[in-house]
Structure formats: structure tokens, C-alpha cells
Amino acid sequence: MSLSIIVLAAGKGSRMISSKPKVLHEVGNYPMLFHVLDACNSLKKKKNINLVISKTLLDFTDEIKKKYSNITFSLQEKQNGTADAVKVAIAKNKNFSDQTIVICGDTPLISKSTLQKALKHFLINKLDLSVISMIPKIKKNSYGKLRFEKDKLISIVEQIENKKTQENSDICNSGIMIVNTKKLLENINLIKNKNKKNEYYLTDLVEIFSKKKFSVNHFPCKFEETLGVNSMNDLAIVNQEFQKIKRNYFLNNGVFMQDPDSVYFSFDTKIGLNVRIQPNVYFGKSVIIKNGVTLRSFSYLDNVKVFENVIIGPFARIRDGVKIEKDSKVGNFVEVKKSQIGQDVKVSHLSYIGDSIIKNNCNIGAGAITCNYDGKKKNKTMIGENCFIGSNSSLVAPLKIKKGSLIGAGTVVNRDIPDGTVVYRKSELIKKNKKK
Ligand code: UD1
Ligand code: MG
């Protein structure tokens, strides 16, 4: 049995005050929409996903399609409400499966397991419609409220339509619904837009189904998973919540963090066993940390693979495709960019290593710099095994320093150096008596 998923992402997003489409704003360095699509794709059934978009997303459809091949797009010209958006998706896609999930593209924290459990609940109980529900932490909120009669869900009342006299529960609509596709298709046109916003509310389907005695129910989930983003403020809250989830995940997987609240992860950060993280460490995208690594305070890592027992920081910046092999050390105020660092290499203080390959057992002295940029392009530096690069050396790339060489302190090296060579510039140290 296969599954259809309609992802609603055509909302205006005007409260973001941003030229970027709302659902492409990032949570944990990953677009909100991709979080939602990944959760949908994690469902075990074969599925087709229909993404309802507005014109602002048209420029990004190729990029999205490249990542999610099972996606089709429907353009909603005018934002006439969530039921209208679903109608647009239905009109475009003739091959709907038996069940349809409708989900919003701006609720990035919804978990795979909640979707899986909700779907299972829907199938086992042979439901026609199930709303994923939650109880908001704040009583005064803008969510649609579930209404019950003798414990039976009978309707959802949007906040704006809420008459004070109406008896509502604290249980609210998360915005996610699972519905029998046949009945959805047969009934969606019964939804009217006679309401304060003149919009077609998908939530009205609950009352229609309930009146027809279809089996309607709700599936509760954690409020935090349903947090939606309408403004930069919401985005900050969701990002904070995302960090809490990641911190808990890593703590539960044996990562030591002295001050978890000061450590920031990305959606794809991977960390091995016996890793220690001091306060204020930032993980950008594509960071892999292997076992036994120590990350000292104020280190910034972005697109980096760090092997066993490496020590990094404090105050290290490592970025743009760096590999650091085991037992090496990248110390304080060191920047490493697009480079490979071998085993047992020490770059302990105040260096810049850019576009370089440093082989095993090298020592890079304090303040040694690879001069990789000639004003036009970036050039490469290669340093062979067992080299000693003296403090304050300037290694002018393109440059090859072959294995076992020693560069004296303060040397500007602008020619390739053969194996086992000692290199230094001769300049006398002049001593004079100070004139009185
Ligand atoms: C909606 C629900 C509400 C629920 C809340 C949860 C309705 C009528 N209300 O309200 O019960 O508690 O979500 O967050 O469904 N969209 C379109 N086209 C449109 C309108 C909206 O694609 O014409 C998309 C938006 O991009 C968004 C989603 O649908 O992803 C929900 O729309 P939004 O306007 O945010 O609805 P809420 O007022 O939050
Ligand atoms: Mg919303």
C-alpha cells in the first residue's frame, strides 16, 4: 500500500521580512522544508510527495527535485487557504494513493517517529481522518482548537473564528492530518470560505466527516515537535529547540559536554565515542568527529573530518573541507582551510594553513603561515613527512617541501625544497652599543 503526502508551502511568509522563501530558512543549517521532506521520506511505505508552492519558490524547484526525486510541484497562484492548497495538489496529481498525509512545510521539528506512529494508529484503527494534535505551552495562541462531544472529535475551530461561548478543549491542531484519500476527494469541495478570512480551511473537513459519521480521531504528539515558523522570532525559537534536541541526543550517546547550552550543532553533525567538548564550540555543516577527540573552547568547525584522538583548540577555526588524521593537534588561534593534515602533526599556535597537504609527523611552529593567495588564485602547499617548520615561516605557495626537511625560524620559503634539507636565510644579527 502506498502513501500520498501533500506538503503545504505556498503561504506568503510575509512576517519573515526576508527575500528568501520562508520554508528555505534554515534550522540547524538545513532548510526547514528539507527537515519536513526527510521526515516524510522516512516513512516506510512507497510514497509520492506533492509540494504546494507559491511563485517565490519557482526558482528553487530544480534544486529541490535534485535532492528529492519523488516530488512533484503544484503552483497555488492565490493563497486562498489550506483546503484550497490541497485542492491545487489534487488537481495536479491524478495518481493519489489510499491514504494522504497533509503536512506544513514550516514545522521542521516534526519527528519521523511521530509520523510513523500516527500513520500506524490511522491504519490499525481503520480511520477516515486523523489529526495530529498537541497541547500548546501557552494558553493564548493562534492554533485551531479541537472540539469534542462525549469524547468524540467533532470539529476544529480556528482561533480567529472562536466565539467565546464555544466550549473548546486545550487540545489543538498541529497542522498535520492523515486522511482517507477517496473521502478527501469526495468531500473537499464541500468546504466553504464563509469565515473571517474568506479562506478555505482544511480543518473544516473534520466537521464534514464527523457529520457524515466517518471515523475521525486525533493522535497526540509533543507540542515542541509542532512549533511552526512565521517570523524570525519563531525561527530563533525553533532553532533553540533544535539545539536542545541535538544536545540531548549527543549527551545520551556518551558525548561529554561541560556546558551543553553553549555548544551548537548542525543537522548532520556526527560524533563518535569518548569525545569531550568544552564550552562554546560551533559545528557548521558536514562535521564528522571520530572517537576520543577533544574540542576545546571557542572552536569553529565547518566541513571537517577529525580522526581519532585529535585535540583541537581553544580558539581554532577549521573549515571548507579539512581532514585531520589521528593523534594530531590543531591549537589556539590556528586557522585551517581546505587542507589535509596527516597523523601526529602539531600545528599548535597562531598558524594559517590553507590549501595544503601536510604529511605525518610534522611540526608547524608558532606563527608559520602558508601564503596561498597570490592576488589572483589560490595555490597549494605540500609538506612531506617528518618536516619541522620553524616559527614565523612564510611558505609561499605553490610550494613543495619534501620529507625530513627543516625550515629555520622566520624563513620566507618561495622555492621547492628537496628531501632532508635544512633551509634558513642568512641575515646577521647586528649588535651595537646604544649611544648615550
Ligand atoms: C493552520 C491550521 C490550524 C493549526 C495550525 C498549526 C488551517 C485553516 N489552520 O493554521 O488549525 O493549528 O496551522 O500550525 O489549516 N498554506 C498554503 N496555501 C494557503 C495557505 C496556507 O500553502 O493558501 C500553507 C502555509 O505555507 C503553511 C500551512 O499551509 O505551511 C499552514 O498555513 P498557515 O497560514 O500557517 O495556517 P495557520 O493559521 O498557522
Ligand atoms: Mg502557521
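Below, all heavy atoms of this structure are taken into account, side chains as well, without hydrogens, waters or symmetry copies. First listed ligand is number 1; within each ligand, the first listed atom is number 1.
With no hydrogens or angles considered, no side-chain donor-acceptor pair links Thr269 and Ser266 at under 3.5 Å. Donor-acceptor pairing under 3.5 Å is lacking for the side chains of Asn193 and Asn80. If you check the side chains of Ser18 and His25, you find a donor sitting under 3.5 Å from an acceptor.
Phe333 and Phe315 have parallel rings, their planes meeting at less than 30° on a 0 to 90° scale where 60° marks the start of perpendicular.
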Any protein N or O within less than 3.5 Å of an N or O in ligand 1? List each pair with its distance, or say none.
{"residue": "ligand 1", "atom": "9 (N)", "partner": "Glu158", "partner atom": "OE1", "Å": "3.0"}
{"residue": "ligand 1", "atom": "9 (N)", "partner": "Glu158", "partner atom": "OE2", "Å": "3.1"}
{"residue": "ligand 1", "atom": "11 (O)", "partner": "Gly144", "partner atom": "N", "Å": "3.4"}
{"residue": "ligand 1", "atom": "11 (O)", "partner": "Glu158", "partner atom": "OE1", "Å": "3.4"}
{"residue": "ligand 1", "atom": "11 (O)", "partner": "Glu158", "partner atom": "OE2", "Å": "2.7"}
{"residue": "ligand 1", "atom": "11 (O)", "partner": "Asn173", "partner atom": "ND2", "Å": "2.8"}
{"residue": "ligand 1", "atom": "12 (O)", "partner": "Gly144", "partner atom": "N", "Å": "2.9"}
{"residue": "ligand 1", "atom": "12 (O)", "partner": "Asn173", "partner atom": "O", "Å": "2.7"}
{"residue": "ligand 1", "atom": "15 (O)", "partner": "Thr82", "partner atom": "OG1", "Å": "2.8"}
{"residue": "ligand 1", "atom": "18 (N)", "partner": "Gln76", "partner atom": "OE1", "Å": "2.7"}
{"residue": "ligand 1", "atom": "22 (O)", "partner": "Ala10", "partner atom": "N", "Å": "2.9"}
{"residue": "ligand 1", "atom": "23 (O)", "partner": "Gln76", "partner atom": "OE1", "Å": "3.3"}
{"residue": "ligand 1", "atom": "23 (O)", "partner": "Gln76", "partner atom": "NE2", "Å": "3.1"}
{"residue": "ligand 1", "atom": "23 (O)", "partner": "Asn80", "partner atom": "N", "Å": "3.3"}
{"residue": "ligand 1", "atom": "23 (O)", "partner": "Gly81", "partner atom": "N", "Å": "2.8"}
{"residue": "ligand 1", "atom": "23 (O)", "partner": "Gly81", "partner atom": "O", "Å": "3.2"}
{"residue": "ligand 1", "atom": "26 (O)", "partner": "Gly11", "partner atom": "N", "Å": "2.8"}
{"residue": "ligand 1", "atom": "30 (O)", "partner": "Leu8", "partner atom": "O", "Å": "2.9"}

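With hydrogens and angles disregarded, no donor-acceptor distance shorter than 3.5 Å links the side chain of Ser155 to the backbone of Glu207.
Applying the salt bridge (Lys or Arg N to Asp or Glu O under 4.0 Å) test to residues at least two apart or on different chains, none of the pairs has a partner in residues 277-289.
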